[in-house]
Amino acid sequence: MVTVETAICLGGVLIVLALVLSGLSALLGQIQCTDAAREAARLVARGETEQARQVAEQIAPSGSTVTITVTGDTVAVTVAARPVGDLLPGLTTHAQAYAVREPQSKGDQ
């Protein structure tokens with residue numbers, strides 16, 4: 001009788017542990033997306049668009065998408081990714097960052 005109860009309890013503990021680890025993985029992915037979006041927005045605001053995409057793809061989780069939108073003087077960067085392991089189906093982590101383009105000096109034009 002005790003063996004059955006222990007087996008059921010261990011199964012429940014393992015399920016809870018898997019969900020906690022999946023949640024932590026999603027949280028880590030969210031932090032990486034936020035860092036990647038912020039860094040890319042800063043680089044685009046400085047006029048380094050191509051480098052911004054490369055840096056964002058390095059910082060963001062693997063398989064993420066990086067979208068850079070420039071409208072007038074406003075820069076918007078969105079980074080989206082699926083959490084590692086896909087244990088939380090339907091969950092996509094994403095982050096957005098905004099910046100205002102810096103004025104170009106006459107020597108840079």
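- Arg53 places a side-chain heavy atom less than 4.5 Å from the side chain of Ile68.
- Taking 4.5 Å as the limit, every side-chain heavy atom of Val79 sits out of range of all side-chain heavy atoms of Thr65.
- Rounding to the nearest 0.5 Å places OG1 of Thr34 at 13.0 Å from CD of Glu39.
- Pairing each heavy atom of Cys33 with each of Pro61, the nearest pair is SG-CD, 4.0 Å.
- A continuous path of hydrophobic side-chain contacts links Leu43 to Ile59 [ILVMFWY only; heavy atoms under 4.5 Å].
- Val44 places a side-chain heavy atom less than 4.5 Å from the side chain of Val70.
- Considering only heavy atoms from C-beta on, Arg101 stays 4.5 Å or farther from Thr74 through its side chain.
- Taken from CD in Gln32 to CD in Gln58, the straight-line distance is 12.5 Å, to the nearest 0.5 Å.
- Neither Leu91 nor Val20 shares a network with the other; the hydrophobic side chains, linked directly or stepwise wherever heavy atoms of I, L, V, M, F, W or Y lie under 4.5 Å apart, form separate groups for each.
- The CZ atom of Arg82 sits 13.5 Å away from atom NE2 of His94, with the distance rounded to the nearest 0.5 Å.
- Thr69 places a side-chain heavy atom less than 4.5 Å from the side chain of Thr71.
- At a threshold of 4.5 Å between non-hydrogen side-chain atoms, the residues Asp35 and Arg38 count as touching.
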